[in-house]
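Quick notes on the structure that follows.
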Amino acid sequence: MARYFLTRLGSLALSLIVASLVIFAVIEVIPGDPASFMLGLNAAPETVAALRAELGLDGSLTARYLSWVGGLFVGDFGTSYTYRVPVAELVGARLWVSLPLTLYALLLSTLIAIPVGVIAAARRGGPADYGIMGATQLGIAIPNFWFAMLLVLVFAISLRWFSAGGFPGWEAGLWPGIKALTLPAVALALPQASILARVMRSSLIETLGQDYIRTARAKGLSQRQAIVRHALRNALIPVMTIIGLQFSFLLAGAIIIENVFFLPGLGRLIFQGITQRDLVVVESVVMLLVFAVILVTFLVDIAYAAIDPRLRRGGGAR
Amino acid sequence: MRRLPGQLWLGAAVTAVFVAAALLSFLWVPYAIDGIAIANRLKPPTMAHWLGTDQFGRDILSMLMVGARVSIAVAVVAVGIGILLGVPLGLWAAAHRGAWLDELIMRGNDLIFAFPSLVIAILITAVFGPSAFNAILAIGIFNIPVFARVTRGGALSLWTLDYVLAARVAGKGRLRISVEHILPNVANLLIVQGTIQFSLGILAEAGLSYVGLGAQPPTPSWGRMLAESQTLISLAPHIAIFPGLAIVLTVLGLNLMGDGLRDHLDPRLRRLR
């Protein structure tokens, strides 16, 4: 296990290094230089020069990369050009919207998908299975931002159960906060729940075909008992991996959904950064999101190996 | 010849309708989409305008037909990039299994997989400017590892088969075996994967143009039509509903076609379904 852990840790570090290099390179290859890009065509040369100095653009490429990465290590993400405050401060405030939203959606997706997948597998070939498979096929095809708009149309505009957007802040209380995140979380969760339910279904069907389940049934267990006592636990292993991977889809998906609901999260921050050409913000927020995704993938790999010892041999989950 | 599964027919028919609409739009659309007729704005569906009109009085059906071009073109080219670069990489990696280049290609693939593709696509389009071309690039890059992995996976098992061994004994080189024997046998896998990536490409393009990073005005695109309809959704729900339905139906058609093709081409998978 120790060796497996170290291998995964090594690839985590490598992924992060490559990710930071790629993001840094994309920002570097901007036509002209970042300072003139950020200020636009009509900027006075002195202003550009001042920004160049502020961003440290006069240093060498290596020096700039190292100072950026070094800063990330100690939580210094640079200073936003438009807001004139440290990016870490901007990110910190918005993380309290994006992270709860992502986790809320992940929870919903799991709570919906597992029972639905189990029912489909248990009633394989029956009308319930066909209905569920049809619904999940549809769920996968619906873009989450369009689903979000439909939810607004029905639950905010027609029924007035929820507000159409905005976030009151957690200081307004837990319930108003959760209420404001409910429609966005449902919109995010639906396509992921569809995928997860399908994974749950095929995993359980495969497990139910195993010899030990037949033995359990021969022993006199009903199908329900066999599923609950024996099959479900094993069938959940691949489902867990997918849940881990969905974190990254949901976090990235939140970027778009936040824009539908005008939520002050990281997604809004990125797009404000893009429209205001505030590259310091864009670069750091993107790096942060990539970091979160790579970290979660790593944790899932480790958890997976802890549950299923077969994977520790050979050093990889492939 | 086995009977083709019903979902394959259904999926292919739906996809064909959208492709045909996109192609037809080059020759004919019900109404010109560059004319603004404010008097005619936000009209619900009527006999004259089957899907109603938008906030500028433009015919939504015509907009959707022209918008289909962008969606389909972006997704097709992005799949093309994935196949052109990913398949040779996968073939090479399988032919040199275990060599350092195989390791490099596969680890590189893992890295790209670990990236949240949407975030990187946003970064690319933000830096290089929003356009359909950059959207293709951003989506296409993430198709490369998908095709490399599928090709390698399929090819690895083929390399252990007797007829490949016979070809090696006959003196054929790895490149020639890859092209003559491996590629035709992984083609089925590639067709199925291509359909899936095509549908994901349509969704990705819609997402990018929804946030303003895809095709730019005046070129209509489904995603931007949705973005523009957002503030008017309570006044005229139809302008948000039809572009969304177009995306859903296209993606659904492609997914059904992909599932059907997979079942048809690889009957072993049917056990699980």
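Chain letters run A, B, ... following the sequence lines, proteins first and then strands; every chain starts at 1. On a predicted model such as this, the values are computed, not experimentally measured, just so you know. Every heavy atom of this structure was used, including side-chain atoms; hydrogens, water molecules and symmetry mates were not.
- Per-residue heavy-atom pair counts under 4.5 Å with chain A were compared for B:N255, B:L249, B:I241, and the maximum is reached by B:I241.
- When heavy atoms are compared at a cutoff of 4.5 Å, A:L251 does not approach chain B at all.
- Heavy-atom contacts from other residues, nucleotides or ligands closer than 6.0 Å to CZ of A:F77 number more than 12.
- Looking at B:L245, the atoms closer than 4.5 Å to chain A (heavy atoms on both sides) sit in the backbone and in the side chain alike.
- Applying the 6.0 Å contact sphere to CH2 of B:W92 captures no more than 12 heavy atoms from other residues, nucleotides or ligands.
- Both the backbone and the side chain of A:V260 come within less than 4.5 Å of a heavy atom of chain B.
- Contact count versus chain A (heavy atoms, under 4.5 Å) is highest, among B:S199, B:P243, B:A206, for B:A206.
- For A:I255, the part lying under 4.5 angstrom from a heavy atom of chain B is the side chain only.
- Side chain of A:W146 to main chain of B:A240: a donor-acceptor pair is present (N/O by atom type, distance under 3.5 Å, no hydrogens or angles).
- Contact residues of residues 147-156 of chain A toward chain B are A:M149, A:L150, A:L153 (heavy-atom distance under 4.5 Å).
- Note that CG of B:L235 and CD1 of A:I157 are 9.0 Å apart. Values are rounded to the nearest 0.5 Å.
- Across every non-hydrogen atom of A:P143 and B:V248, the tightest pair is CD-CG2, 3.8 Å.
- Nearest heavy atom pair, residue B:D259 against residue A:R198, reads OD2-NH1, 4.1 Å.
- Atoms CG and CD1, on B:L123 and A:I274 in that order, are 7.5 Å from each other to the nearest 0.5 Å.
- Not a single donor-acceptor pair under 3.5 Å links the side chain of A:Q137 to the backbone N or O of B:L256.
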